[in-house]
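Notes follow once the structure below has been shown.
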2 protein chains.
Amino acid sequence: MIHGHQHFDSGQVIYHQGAGRSFAAVVQSGAVKLVQDEQVVGLALPGDYIGLGCLYESVQIETAIALERSRVCLLHSESELGQHAESVRLLAKEMQQKRWLTRIQQKPARARVCAWLIQISEHHKSRGLSQDRFRLPLNRTDLASYLGLALETVSRLLTGLHNDGLIELHGREITILDRTALSAESTAA
Amino acid sequence: MIHGHQHFDSGQVIYHQGAGRSFAAVVQSGAVKLVQDEQVVGLALPGDYIGLGCLYESVQIETAIALERSRVCLLHSESELGQHAESVRLLAKEMQQKRWLTRIQQKPARARVCAWLIQISEHHKSRGLSQDRFRLPLNRTDLASYLGLALETVSRLLTGLHNDGLIELHGREITILDRTALSAESTAA
DNA sequence: CGGTGAATTGAGCGAGATCAATGTATGTGG
DNA sequence: CCACATACATTGATCTCGCTCAATTCACCG
């Protein structure tokens, strides 16, 4: 049984979909994407739990891949995951994420991108970082997969938001210029 | 505190989104739809739990509406919901549903409909009913909302499946003629 | 019968996908 | 230091799936 934290380089697999002897983990730094059948289905940032499927499934449900050098604290045993009451809370958080995803999937493409940007921004804020200036944790391909769009569409929409003066953009570095408008668009249609 | 089962007529609200003093319940007969912000986000058939949000939220997350005369067993207290370990199992089942939804949302419209038909068919099978002949629990409008499509599209696709000889269809009564093909299409693209 | 709500069918349009080319940043080895 | 390779991002042109709007049709009920 490996305890304590462990490092993963960008692109490294933390665990594979279908793998037995499954375990959960907490992301402590960096960023991790969750992939299910070639589809990006989740994004875990510092503080987020991954692999909670082990609470009720015998094998991992998704593949977890580090998006940049990340530190992850592996939780192999039941006791390391805390009491059951705590487990319910963790599952609940994951459920909220899924609900959010389901809801924005119905919105038009531009709203999805806006909603995601806001979401990432909030996450940064909650970690005490700048909520207006940060690096996008996903590249265009992964972001497109996550939002259920074509990568070209994502690219076009981001430059669109830039042209409309809502954001500043240099590759993956982003600055939010008009959070109000962004937020408004994210709830549109 | 109301105990035991209770009946709801078609269209009756079991609980409202946002309602306090929330509770969970088990559907014992009939069918219930779960609506979140005008959007159908779930369908509960006999044996399914609803309102599990009460495990971690103080107010109901969605509105539950009976689709036909249904018997529902209300679970007001923590103890009626079983031990925590049981709660995790219930949440897990709900999570699976959500994962399924997220996954098919990316597929083309026809695959969504096929996947849903298969899903309902399996549910019937697991209840010991005919897996080939049954009544669709949702009308076209609700089904469209659930699958993220326009109701006209759903209608066209169903008649399409009929023309292709995969199903027999009279209003909401359906007969599955070619489960293999249906299943194959549900995983397409 | 007519009346009401659900389902089907048709015509046209548009958001977003696809295909294809070009651009930009980080390399790596000569 | 420059040519070149690789990966990621942008931009353009075109096509298509599914949406919208509108007109029937169908089933059931008073």
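Note on naming: letters A, B, ... go to the chains in the order of the sequence lines (proteins, then strands), and numbering restarts at 1 for each one. Predicted, not measured: the structure shown is a model, and the values here were computed from it.
A continuous path of Ile, Leu, Val, Met, Phe, Trp and Tyr side chains, each step under 4.5 Å between heavy atoms, connects B/L147 with B/I120, placing both in one hydrophobic cluster. Neither A/L158 nor A/L177 shares a network with the other; the hydrophobic side chains, linked directly or stepwise wherever heavy atoms of I, L, V, M, F, W or Y lie under 4.5 Å apart, form separate groups for each. Under the 4.5 Å side-chain heavy-atom criterion for Ile, Leu, Val, Met, Phe, Trp and Tyr, B/L149 and B/L151 are members of distinct hydrophobic clusters. Hydrophobic clustering (ILVMFWY, side-chain heavy atoms < 4.5 Å, transitive): A/I65 and A/V41 are in distinct clusters.
For the contact set between residues 165-173 of chain A and DNA chain C, defined by any heavy atom under 4.0 Å, there are no members.
At its two ends the helix from C/dC1-D/dG30 to C/dG30-D/dC1 runs along axes set 20° apart, each axis drawn from five pairs and the angle rounded to 10°.
As rounded to whole Å, 17 Å separates atom C1' of C/dA15 from atom NZ of A/K107. Summarising the geometry, the separation between CZ on A/R135 and C1' on D/dA9 is reported as 13 Å, rounded to the nearest angstrom. To the nearest angstrom, P of C/dA7 lies 16 Å from NE2 of B/H162. Residue A/N139 contributes atom CG, which lies 15 Å from atom C1' of C/dT26 at whole-angstrom precision. Computed from coordinates, the A/L143 CG to D/dC8 P distance equals 14 Å when rounded to whole Å. Here the P atom of nucleotide D/dG18 and the CG atom of B/L157 are 7 Å apart, to the nearest Å. Whole-Å rounding puts the A/L138 CG to D/dA9 P distance at 10 Å. Regarding B/L136, its CG atom lies at a distance of 15 Å from the P atom of C/dA6, rounded to whole Å.
A search for side chain to side chain donor-acceptor pair (under 3.5 Å) contacts involving B/R110 returns B/D164, B/E185, not counting sequence neighbours. Not a single salt bridge (charged side-chain N to carboxylate O under 4.0 Å, His left out) links A/K125 to another residue, sequence neighbours left out. Evaluation of the side chain to side chain donor-acceptor pair (under 3.5 Å) rule for B/Q39 yields A/Q106 as partners, not counting sequence neighbours. In this structure, the salt bridge (charged side-chain N to carboxylate O under 4.0 Å, His left out) partners of A/E173, at least two apart in sequence or on a different chain, are A/R135. Considering only residues two or more places apart in sequence or on other chains, B/R69 meets the salt bridge (charged side-chain N to carboxylate O under 4.0 Å, His left out) condition with B/D9. Every residue meeting the salt bridge (charged side-chain N to carboxylate O under 4.0 Å, His left out) condition with A/D132, not counting sequence neighbours, appears here in chain and number order: A/R179. Legend: residues meeting side chain to side chain donor-acceptor pair (under 3.5 Å) with A/Q36, ordered by chain and number and at least two apart, are B/R103.
Side-chain contact between B/L101 and B/Q97: absent, with no pair of heavy atoms (C-beta onward) separated by less than 4.5 Å.
Using a 4.0 Å heavy-atom distance criterion, B/G148 is classed as a sugar-phosphate-only contact. Across all strands, B/L158 comes closer than 4.0 Å to no nucleic acid atom at all (heavy-atom distances). Looking at heavy-atom distances under 4.0 Å, B/A109 makes contact with sugar-phosphate atoms alone, never a base.
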Point to revise | Per-nucleotide protein contact string for nucleotides 23-28 of chain D, where B marks a base within reach and S marks sugar-phosphate only (heavy atoms under 4.0 Å, - for neither) | key: ------
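For residues 20-46 of chain A, the ring-ring contact (aromatic ring centres under 6.0 Å, His included) pairs, not counting sequence neighbours, are A/Y15-A/F23, A/F23-A/H76.
Of the candidate nucleotides C/dA7, D/dA9, D/dC19, C/dA7 has the atom nearest to the side chain of B/R140.
For A/S155, no side-chain nitrogen or oxygen approaches OP1 or OP2 of D/dA9 to under 4.0 Å. Taking 4.0 angstrom as the limit, A/T159 places none of its side-chain polar atoms (N or O) nearer than this to OP1 or OP2 of D/dA9.
In this structure a side-chain-to-backbone donor-acceptor pair under 3.5 Å is missing from A/S70 to A/F8.
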Can you tabulate the close N/O pairs, meaning under 3.5 Å, that link protein atoms to atoms of nucleotides 19-25 of chain C?
from   : atom 1 : to     : atom 2 : distance (Å)
C/dC19 : N4     : A/E152 : OE2    : 2.9

